[in-house]
Amino acid sequence: MPNMQQNKTPVAEQEPAVRARNFAEVTKCYTPDEAVNEAERCLNCPNHPCMTGCPVSVRIPEFLSKIRERKFAEAYGIIRATNSLPAVSGRVCPQERQCESKCVRGMKGEPVAIGRLERFCADYAMNHPEEIAAAKKPEPNGHRVAIIGGGPAGLTCAGDLAAKGYEVTVYEAFHTAGGVLMYGIPEFRLPKAIVQKEIDGLKAMGVNIMTNMVVGRVISVDEIIAGGCEAVFIGSGAGLPRFMGIEGEDLVGVYSANEYLTRINLMKAYLDEYDTPIRRSKNVAVIGGGNVAMDAARSALRLGAEKVYIIYRRSMEELPARREEVHHAQEEGVEFLLLTNPKRIIGEDSVTAIECVKMELGEPDASGRRSPREVAGSNFMLEVDTVIMALGTSPNPLIGRTTKGIETDRRGCLVVNEETNQTTKEGVYAGGDAVTGAATVILAMGAGKKAAAAIDEYLKKDKR
Amino acid sequence: MYKILKRKQLNENIVLMEIEAPYIANKAKAGQFIIYRVDEYGERVPLTIADYDRVRGSITIIFQTIGGSTKKLAALNEGDSILDVVGPLGTATEYGGAKRVAVVGGGVGCAIAYPQAKALFNAGAEVDLIAGFRDKSIIILEDEMKAVCTDFHLCTDDGSAGYHGFVTNKLKELIEGGKKFDLVIAIGPVPMMKFVCKTTEPYAIKTLVSLNPIMIDGTGMCGGCRVRVGGELKYACVDGPDFDGHMVDFDELMKRNATYREQEKSHVCRITGGVRNA
């Protein structure tokens, strides 16, 4: 009999007041007993609705049944068969909009905590390497593939291709691979040691990672192909941050979320022994309502800010961040100013305040979204010394500008065939934020996976 | 790891290093830059490429020790290695077929004025190289610069060597004296570049400047290096670092470059804030 407990098995978390001042991981891992208890809530539906919600098609009911049998290493093996980075996705996927949204248990009570269970298996595997069959280096198949960008899309594509025997080289622009997992998502949500272990796992499979290689500058896609790579996957990720174009954005103390988070996460500016500086703010306004905005707001608190505001022009219902992040941010004391929009940033040299206006939602437009409009005369001032713009990014412009035959759309996103993720250039595939504009880690991973399958098809056909 | 093949102290505060970096050497062009990270704890610091040798597979950087990150770099010796060097970043300088050019360098900026003059001079342009220093004791690359220009004008603020006065005075004299420049390139401290642009503006001489904003990734991701050029938002790492100097908002750049000045005072190893030293 399944466990008919209505709610998810609770998971231990750091106390909000404590964690809001440190960078240690907020959510702890299920204990084996908790994991088994939670896995027993699964009804094992014959048609596996949960799997239809997973961009990388993890065989969810199967791994849950292995947890119930306490065969945790085997459960991990099932996840790992379709997901190259389970420790990452278990922590950062918006499960409430994916697998868990399809869970039958969610119709009455809470869905099965699939995300927490995935993370449990991944952490178990990391802590019990002796139980995990060492990743076998597959027989080389004699084909070479280049991956541009070592973020979630590129690493997933690299992992899937390496498992099929391809010789894979990842060209990474930064000094370390990981992409947004390293520079964007903070330590308290995704410890960097975990990301590094996932990357080391790929290296053990034979994936070659070249750091400090900015494709488009030091080498071009065409040169990579001329050098003997038969296919290329572009996962170059997020590019230039967006600003609002309002007065005062040039003031000292106005950051893009990319810069703020990169200083903290990649450059470790929050640790004294690291040289990169970061502003120690008192009152911070973060503009935007996505996961990046939540990460920036919660990081600001951890750097010692007294007041941190999220300013978002629509209401909580439209706010795009993962529910858990919103909940955690609220618990930690981030103040949400919803239906609010900035008008201008005020200061002499440095930011001293931000002027905002109240918004209301109008009728749904053609896209079905209710567009916000200003409430006349509702302007007000907020005293802040730092403003962080988390308004999304446009894709990295370097590759599009420097590769012949690759088309981009008017937003600068690489144009791909939706079936195969092939760009307008034969043998060159792309996925992740470079194609979609700012989106999620798991969608990038899904794209990397799809492209890996398509590259395999393409090169097999070529061989015949 | 990137090995230091040569280290030379050019003056009390300015150091030249030749670094083994074959990929970068193979692609580098005048005007482009690299970003280095000395060690695991280091900042990512941008520095303009002063020279490159495709055969030796090396690049040369010349930098002034003004803060923790450059001091850390300067402390390394020949045979030591730098943890990370990435480049060439930014776009190469576009000379637009200029035939009569004034290249103006200020202080350590001469390290970059030199390769610009060399590229132009070797391409057959007539080059006036104006090199400005505070005083005689800090002059660098004098012989090298003399060899790559038609006329060399050494200036010192105190008159201890060469022309007594600022580079802008010398430039104005040359223009007033009948030199018909079709391009001026200015590289040095932001105030110097600002005043070179003010000098050339009345004569409508196209003036390129090489900007040095705060920067982290250098690939068009962080947005830290945003500058206002002709009222538009530009990113020095992908759109620059060269810009039309008559369009640049220098005051904003100076303001933003001072972002971490307070922290620089309080934390000795956090001095440059990623500010490019060239």
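Side-chain atoms are counted along with the backbone in the values below, which use heavy atoms only and exclude waters and symmetry mates. So that the names make sense, note that chain A is the first sequence line, chain B the second, and so on, each numbered from 1. Since the structure is predicted, the reported quantities are computational estimates derived from the model, not experimental observations.
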For this session: Find the distance between SG (C222(B)) and OH (Y260(A)) and round it off to the nearest 0.5 Å.
Result: 14.5 Å

Exercise. Checking L233(B) against chain A: side chain, backbone, both or neither under 4.5 Å from a heavy atom?
Worked result: side chain

For this session: For chain A, find which of G223(B), G224(B), G90(B), C237(B) contributes the most heavy-atom pairs closer than 4.5 angstrom.
Result: G90(B)

Exercise. Where on L240(A) is there a heavy atom nearer than 4.5 Å to chain B: the side chain, the backbone, both, or neither?
Worked result: both

Exercise. Does the side chain of R226(B) reach to within under 4.5 Å of the side chain of P241(A), using non-hydrogen atoms?
Worked result: no

Exercise. Is the shortest heavy-atom distance from the side chain of H175(A) to the side chain of V86(B) under 4.5 Å?
Worked result: no

For this session: For side-chain contact (heavy atoms from CB on, under 4.5 Å), just list the numbers for Y2(B) and N212(A), CA-CA rounded to whole Å, side-chain angles, deciding distance to a tenth of an Å, and then say yes or no.
Result: CA-CA 11 Å; Y2(B) 300 78; N212(A) 295 327; 3.3 Å; yes

Seminar exercise, completed: Interface check, chain B: of G253(A), G239(A), A257(A), S256(A), most non-hydrogen pairs under 4.5 Å belong to G239(A)

For this session: Under 4.5 Å heavy-atom distance to chain A, tell me which part of Y235(B) shows up: side chain, backbone, both or neither.
Result: side chain

For this session: Between chain A and each of I35(B), L89(B), D249(B), count heavy-atom pairs under 4.5 Å; write down the option with the most.
Result: L89(B)

Problem set entry | Region of L251(A) in contact with chain B, defined by heavy-atom distances below 4.5 Å | both

Problem set entry | Which portion of R37(B) sits near chain A, non-hydrogen atoms under 4.5 angstrom | side chain

Exercise. Any ion pair linking D250(A) and K255(B) (charged N to carboxylate O, less than 4.0 Å)?
Worked result: no

Exercise. With a 4.5 angstrom heavy-atom cut-off, which part of A173(A) approaches chain B: side chain, backbone, both or neither?
Worked result: both

For this session: Measure the OH-CZ distance between Y260(B) and R263(A) for me, rounded to the nearest 0.5 Å.
Result: 3.5 Å

Problem set entry | Which of V254(A), T176(A), T211(A) touches chain B most, by non-hydrogen pairs under 4.5 Å | V254(A)

Exercise. Is the shortest heavy-atom distance from the side chain of K27(B) to the side chain of E223(A) under 4.5 Å?
Worked result: yes

Exercise. Can you tell me how far OG1 of T393(A) sits from CE of M221(B), rounded to the nearest 0.5 angstrom?
Worked result: 9.5 Å

For this session: Please indicate whether F250(B) has more than 12 foreign heavy atoms, meaning atoms of other residues, nucleotides or ligands, lying under 6.0 Å from its CZ.
Result: yes

For this session: Output the distance between atom CD1 (I24(B)) and atom CZ (R217(A)), rounded to the nearest 0.5 Å.
Result: 13.0 Å

For this session: With the side chain counted from C-beta on, respond yes when Y41(B) and T276(A) share a heavy-atom pair under 4.5 Å apart, and no when they do not.
Result: no

For this session: Indicate whether the side chain of Y274(A) and that of E40(B) have a donor and an acceptor atom separated by less than 3.5 Å.
Result: yes

Problem set entry | Contacting region of I216(B) [heavy-atom separation from chain A under 4.5 Å] | side chain

Exercise. Taking the side chain as C-beta and beyond, is there a heavy-atom pair between D275(A) and K72(B) under 4.5 Å?
Worked result: yes

Exercise. Does any heavy atom of chain A fall under 4.5 Å from the side chain of V85(B), the backbone, both, or neither of them?
Worked result: backbone

For this session: Against chain B, work out which of L266(A), T262(A), D349(A) has the most heavy-atom pairs shorter than 4.5 Å and name it.
Result: D349(A)

